[in-house]
Amino acid sequence: DGVTATIYVNGEKKGSGPVERAYLGSLSGTRIGGEVCCGGNNFPGLIDEVSIYGRALSETEIQTIFAAGSAGKCRQAESGGLIAYLPFTGNANDESGSGHHGIVTGATLTSDRFGQPNRAYQFDGATQFIALTGTTNLNFTSGGFALSAWVSYDNVPGEGIVLAKHYGGYWNGFFLQINGNAPAFFLNGEPRLVSANTANDGRWHHVVGVYDGTTQFLYVDGVLKGSRAMPYTVANDASIEIGRATVASYFKGKIDEVRV
């Protein structure tokens, strides 16, 4: 915390003490399972869910992360402003605490990007989707917002919605989609932001649309693919949906870890 170093094991405080000297950074980089000096001191075991924070965590936060157990680290404890978080761990429940649980129509559980079964949803591109409850008034026309999802697909030659709050036929709302096999972010009206690179290789890709109140941004796998100034004012009363936008543009492929 800037003064004291503390160690926790399984959510339980095991020791603490004052930092005896000023912290000095290095140019040797960060390693997992070994270190640069001292013969490497390589670790002979399993490591998972490594996190580095730019601040000291509270004891409550540490205990909450541990208590998440086999479901994985509790993102709610780490993320401010999270409106909906659907990790798809065997169901379409919202784990943000907001209660925007998904109502599944046809979509089936499948393996995620780590090969774990029943940890993502498969969509057929024809009739299947997931609607989030209690989201008709979540228009975000004041201030900014962000949409995030992991996707995997082989071929979406037309338009396939990943995450949307939109009525087809006129300019309104927002959506993340695959447009001609390339990720895209639509906000309010045309032209939408479309990545110059397709991602129809069957691998998992992270797609994020961000609006900061004046400018929209599209990221794919952590790389900025486009931005533009854009006023956003056209709200609607549609529900937020995964895999389609109110009876149109059904997505064919896998979707996982949806965040709003």
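- Connection of Val208 to Val223 is not established within any shared hydrophobic cluster, with ILVMFWY side chains joined at heavy-atom distances below 4.5 Å, either directly or through further cluster members.
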Assess the residue pair Asp212 and Thr214 against the criterion (side chain to side chain donor-acceptor pair (under 3.5 Å)); give the C-alpha distance rounded to whole Å, side-chain angles, the decisive distance to 0.1 Å, and a yes or no. CA-CA 6 Å; Asp212 66 5; Thr214 58; 3.2 Å; yes
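- Side-chain atoms of Asp112 come within 3.5 Å of backbone N or O of Gly115 as a donor-acceptor pair.
- Using a distance-only test at 3.5 Å, with no hydrogens or angles considered, a donor-acceptor pair links the side chain of Asn188 to the main chain of Thr233.
- Heavy-atom neighbours of Lys252 NZ from other residues, nucleotides or ligands within 6.0 Å: at or below the threshold of 12.
- Counting all heavy atoms, side chain and backbone alike, Ile178 lies closest to Val156 at CG2-CB, 3.8 Å.
- Taking OG1 of Thr198 as the start and CG of Asn181 as the end, the distance is 6.0 Å to the nearest 0.5 Å.
- Residues Val162 and Ile255 are in side-chain contact: their nearest non-hydrogen atoms beyond the backbone lie under 4.5 Å apart.
- Inspection of the Thr89 and Glu95 side chains reveals an N or O donor paired with an N or O acceptor under 3.5 Å.
- The closest side-chain heavy-atom distance from Arg119 to Phe88 is not below 4.5 Å.
- Residues Leu138 and Leu187 share a single hydrophobic cluster, defined by chaining ILVMFWY side chains whose heavy atoms lie under 4.5 Å apart.
- Counting only N and O atoms by type, the side chains of Asn236 and Asn172 include a donor and acceptor under 3.5 Å apart.
- For the pair Asp48/Leu46, no side-chain contact is recorded, criterion being any heavy-atom separation below 4.5 Å from C-beta on.
- Pairing each heavy atom of Ala184 with each of Asn179, the nearest pair is CB-CB, 4.1 Å.
- In this structure, NE2 on His166 lies 12.5 Å from CZ on Arg244, to the nearest 0.5 angstrom.
- For the atom pair CG (Asn197) and NZ (Lys225), the distance works out to 4.0 Å, reported to the nearest 0.5 Å.
- In this structure the side chain of Val258 reaches within 4.5 angstrom of the side chain of Leu163, judged on heavy atoms.
- Contact record, Ile83 with Asp94: O-OD2, 3.8 Å, taken as the closest heavy-atom pair.
- By the 6.0 Å contact criterion, CZ on Arg203 is open, its count of non-hydrogen atoms from other residues, nucleotides or ligands being 12 or less.
- In this structure, CZ on Phe186 lies 7.0 Å from CE on Met230, to the nearest 0.5 angstrom.
- A 4.5 Å side-chain heavy-atom check between Lys254 and Val151 finds every atom pair outside the cut-off.
- Criterion: ILVMFWY side-chain heavy atoms under 4.5 Å apart, direct or through other members. Under it, Phe175 and Val210 are not part of a common hydrophobic cluster.
- Residues Tyr232 and Leu218 share a hydrophobic cluster, clusters being chains of Ile/Leu/Val/Met/Phe/Trp/Tyr side chains in contact below 4.5 Å.
- For the side-chain contact (heavy atoms from CB on, under 4.5 Å) criterion with Val207, the lone passing option out of Ser195, Ser148, Pro183 is Pro183.
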Show the atom names and distances, to 0.1 Å, of all donor-acceptor pairs under 3.5 Å that link a side chain in residues 4-15 to residues at least two apart or in another chain.
none

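- No side-chain heavy atom of Glu159 sits less than 4.5 Å from a side-chain heavy atom of Ile161.
- Residues that satisfy the side chain to side chain contact (heavy atoms under 4.5 Å, CB included) test with Leu109, not counting sequence neighbours, are Asn118, Tyr121.
- Between Tyr167 and Asp237, the side chains place a donor N or O and an acceptor N or O closer than 3.5 Å (distance only, hydrogens not considered).
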Which is it for Arg228 and Leu193 under the side-chain contact (heavy atoms from CB on, under 4.5 Å) test, yes or no, and what are the steps along the way? CA-CA 8 Å; Arg228 66 163 181 159; Leu193 289 177; 4.0 Å; yes
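- Rounding to the nearest 0.5 Å places NZ of Lys165 at 7.5 Å from OG of Ser239.
- In this structure, Phe174 and Phe145 have tilted ring planes: the angle between them lies in the 30° to 60° band.
- With contacts defined as side-chain heavy-atom distances shorter than 4.5 Å, the pair Phe123/Thr108 does not qualify.
- Taking both residues in full, the closest heavy atoms of Gly102 and Leu86 are given as N-CD2, 4.1 Å, listed atom of the first, atom of the second, then distance.
- Between Arg113 and Glu257 there is a salt bridge, with a side-chain nitrogen of the basic residue lying less than 4.0 Å from a carboxylate oxygen of the acidic one.
- Nearest heavy-atom pair across Gly202 and Ser152 is O-OG, 3.0 Å.
- The two residues Ala238 and Thr246 come nearest to each other via the heavy atoms CB-CG2, 4.0 Å.
- In this structure, Tyr211 is a member of the same hydrophobic cluster as Leu176, with clusters built from ILVMFWY side-chain heavy atoms closer than 4.5 Å.
- Residues passing the side-chain hydrogen bond (donor to acceptor under 3.5 Å, both in side chains) test with His205 are Asp201, Asp221, sequence neighbours excluded.
- Counting heavy atoms from C-beta outward, Tyr153 and Phe251 have side chains that approach closer than 4.5 Å.
- Taking CD1 of Ile242 as the reference point, atom CD1 of Ile130 lies at 5.0 Å (rounded to 0.5 Å).
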